[in-house]
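First up is the structure itself, then whatever we jot down about it.
Chain naming here is simple, since letters A, B, ... match the order of the sequence lines and numbering starts at 1 in each.
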Protein chains: 2
Amino acid sequence: MATIYEVSKLAGVSLATVSRVMNQNAYVTDATKQKVLDAMKELNYRPNSAAQSLALNRSDSVGVLVAELDGPFYGPVMAGVESELRKAGKHVIIAAGHDDEETEKEGVEFLIGRGCDALILLAETLPNEYLIELSKRDTPFVMLNRSTKTLESQCITLDNQLGGYLATKLLIEQGHRDIAYISGPLWKHDAEDRFAGHKQAMEEAGIEVDPALLFESDYREAGGSSGFLQLLNSGRKFTALACANDEMASGAMISAVQKGIRIPDDLSIVGFDNVHYARLLTPSLTTVEFPINEMGKMAARWVLKNAYGKTKLSYNNYFSPKLIQRHSTKPPASK
Amino acid sequence: MATIYEVSKLAGVSLATVSRVMNQNAYVTDATKQKVLDAMKELNYRPNSAAQSLALNRSDSVGVLVAELDGPFYGPVMAGVESELRKAGKHVIIAAGHDDEETEKEGVEFLIGRGCDALILLAETLPNEYLIELSKRDTPFVMLNRSTKTLESQCITLDNQLGGYLATKLLIEQGHRDIAYISGPLWKHDAEDRFAGHKQAMEEAGIEVDPALLFESDYREAGGSSGFLQLLNSGRKFTALACANDEMASGAMISAVQKGIRIPDDLSIVGFDNVHYARLLTPSLTTVEFPINEMGKMAARWVLKNAYGKTKLSYNNYFSPKLIQRHSTKPPASK
DNA sequence: TTGTAGGCGTTATCAG
DNA sequence: CTGATAACGCCTACAA
């Protein structure tokens, strides 16, 4: 690979001049500029980014940590981040945290070690203390779907509680009173908030939250299936089921159908996230929209603004969920 | 950030020694080694990877180019690649090509410019000539789901034709004779191959391929919907439909249901890829498995072997598709 | 076993 | 406007 030195020799100028035309940050005669450009073309010159990073103390790459690289939720985040960052000439380095504290920490160190200029973290298991420590180091970072008190300005969040509230409220408005709930792992902040929203809606309607109609699951499809089955076996009747995410809702739906339960006639189901395939289920799933792609873009803009000094950029760091009504919910059959 | 120089000073040794204990590639007294280790800990030292890259001419990162970062197909590829590479201490840099030739080329240059040691390409639009040119440059690369004659050893492929064949053959074996086909964009190699498999099965059964029962679409759900509708409006009867991927199959399925067509009673549908949600559709979708996650891992191993000299590693570069029978297919209703 | 010194490819600060 | 030259942080012969 050609170096800047060879280019300068061929063009008959000094390296400094070559560097100048590359970075267009200083005046160079059109004539010499042309000579340099020609030389670069002829040698098929590409700057060595490691050398640039070293000299500039900046790598033009930002690290993204998500739990998984596949799955209907994380894909759109990365897509949003990448599209926005790429436009700005920045690179995306990705690490998966697999919902494991140790792995997530390793991921962060991995990314920092790689010289990322900033980090975008979608991490559930990292303890607040760790994040606070991290904020004292030199790599700026922004968090998605997580709110840490002392780091508010670095958080891009969705009002999960409102989402949970809207979902259950719809059910109530439709006339349901016996409403079961399958939550995500309650140590996760968003699961906790969504559940709080559910309770809020119930209380507001004067309905007591029956512990027998609650099941704490894992945000996964299989977990939704087994949760539903447990609820069913408990013997307590319910005409509606709210799930803390669409994956569990789809699992529950599959299990319900297998048990001969008709949806929404015998049972209404509402999910959360509005993943891509929610619309494809039969019946199509009523759910709460989580604008995760958009939030990914906002995270990217946060980075552009706060780590790359693009001060003109603006971004949102608070999003509101919206209810998406489809066909998995309807008023309960009158007895 | 502390540098190797500060560590050496604190430990009272030379930089060379520090470097040696870091890289564990030369003998160092246990005593001095300990001193160095202590100093590193105390300063919370992390090597600067840009400097390492510059000195070693190696970045320990590999570039991955896929069409999209979301979607049910690409996620599992990245997950496979990342998991395998991460184990080996390599980083993954991701770029999206968006199925556009110019964007894909930019992506490749972007990745090379970033100093990737190797590339994993899942690119449909890059012309063979470009790839051949690329193979003459210094960054080794492997391609997924694409076979370029002169670059066979760098291709990890699935037998798409066999897959297409299996899908249609199932339909035929079930007694269908009037079989419609919605293909992917035929300029894509895999779409072409899958379609070839379809024709092969038809011919083998002595059934003529009726052009009125073919529709070339775009591999997307909406394309499957509109394709199906066109087929329906053509007036030609068909009792089964093979789609070149699951996304189009799901689109077709949705449209069929909206038209009051029962699946599989009135119409059998088979897809391709076995994406995650194929199982969640109603009825669950019969399809052809594309072990894309596994193939991603293989690509990673190719890189480890061919770009990082891990010669002991072995990998497969040829995969066979398997039919996954579910509930969207059954013998046609007897008239 | 340990230290010295040169080099990796760029950028940036000075002079000129 | 252009050219030396000193960083940037690390690796690796070569010496000691």
Practice task
Please examine the side chains of A:Leu121 and A:Val142, heavy atoms only from C-beta on, and report whether any two atoms are closer than 4.5 Å.
Solution key: no

Exercise for the section: State which residues pass salt bridge (charged side-chain N to carboxylate O under 4.0 Å, His left out) with B:Arg220; sequence neighbours excluded, sorted by chain then number. Expected result: B:Asp218

Exercise for the section: Kindly write out the residues that satisfy salt bridge (charged side-chain N to carboxylate O under 4.0 Å, His left out) with B:Lys149, not counting sequence neighbours, or none if the list is empty. Expected result: none

Please list all pairs meeting side-chain hydrogen bond (donor to acceptor under 3.5 Å, both in side chains) that have one or both residues in [range], counting only residues at least two apart or in different chains.
range	value
residues 26-35 of chain A	A:Gln34-A:Asp38
residues 95-105 of chain A	A:Glu68-A:His98, A:Asp99-A:Lys188, A:Asp100-A:Thr103, A:Glu101-A:Lys105, A:Glu104-A:Thr125
residues 11-21 of chain B	B:Ser14-B:Thr17, B:Ser19-B:Asn23

Completion exercise
Note: contacts of residues 43-56 of chain A with DNA chain C (heavy atom, under 4.0 Å) are A:Tyr45, A:Arg46, A:Pro47, A:Asn48, A:Ala51, A:Gln52, A:Ala55, A:Leu56

Fill in the blank from the handout: DNA chain C in dot-bracket form (Watson-Crick or G-U pairs under 3.5 Å, [ ] crossing, | inter-strand) is ||||||||||||||||

Handout entry: Shortest side-chain distance from B:Thr3, nucleotide among D:dT12, D:dG9, C:dG3
Key = D:dG9

Completion exercise
Among the nucleotides C:dT10, D:dC1, D:dG3, whichever has the atom closest to the side chain of A:Thr29 is D:dC1

Report the distance from atom [atom1] of [X] to atom [atom2] of [N], rounded to the nearest whole Å.
X	N	atom1	atom2	result
A:Tyr5	C:dT11	OH	P	17 Å
B:Arg58	D:dC10	CZ	C1'	12 Å
A:Lys35	D:dT2	NZ	C1'	11 Å
A:Tyr27	C:dG16	OH	P	24 Å
A:Asn57	D:dC10	CG	C1'	14 Å
B:Met22	D:dC11	CE	C1'	10 Å
B:Gln34	C:dT1	CD	P	17 Å
A:Gln24	D:dC1	CD	C1'	17 Å

Handout entry: Distance-only side-chain donor-acceptor flag, A:Arg301 / A:Asn317, under 3.5 Å
Key = no

Problem - Any side-chain donor near an acceptor of the partner, A:Asn145 and A:Asp190, under 3.5 Å - result: yes

Exercise for the section: Mind checking side chain to side chain donor-acceptor pair (under 3.5 Å) for A:Arg58 and listing every partner two or more places apart, or none if nothing turns up? Expected result: A:Asp60

Fill in the blank from the handout: side chain to side chain donor-acceptor pair (under 3.5 Å) filter on A:Tyr45, not counting sequence neighbours, yields none

Exercise for the section: Check every strand shown and say whether B:Val18 touches a base, only sugar-phosphate, or nothing at a heavy-atom separation below 4.0 Å. Expected result: nothing

Handout entry: Most 5' of B:Ala16 and A:Asn23 on DNA chain C, judged by nearest nucleotide
Key = B:Ala16

Problem - With A:Phe319 via ring pair (Phe, Tyr, Trp, His ring centres under 6.0 Å) - residues at least two apart - result: none

Between [X] and [N], is there a side-chain N or O to OP1/OP2 distance below 4.0 Å?
X	N	result
B:Thr17	C:dG3	yes
A:Ser19	C:dT10	no
A:Thr32	D:dT2	yes

Side chains of residues 72-82 of chain B: which donor-acceptor pairs under 3.5 Å do they make with residues two or more places apart or in other chains?
from	atom 1	to	atom 2	distance (Å)
B:Glu82	OE2	A:Ala96	N	3.1
B:Glu82	OE2	B:Arg86	NH1	3.3

Contacts under 3.5 Å, N or O only, protein and nucleotides 14-16 of chain D:
none

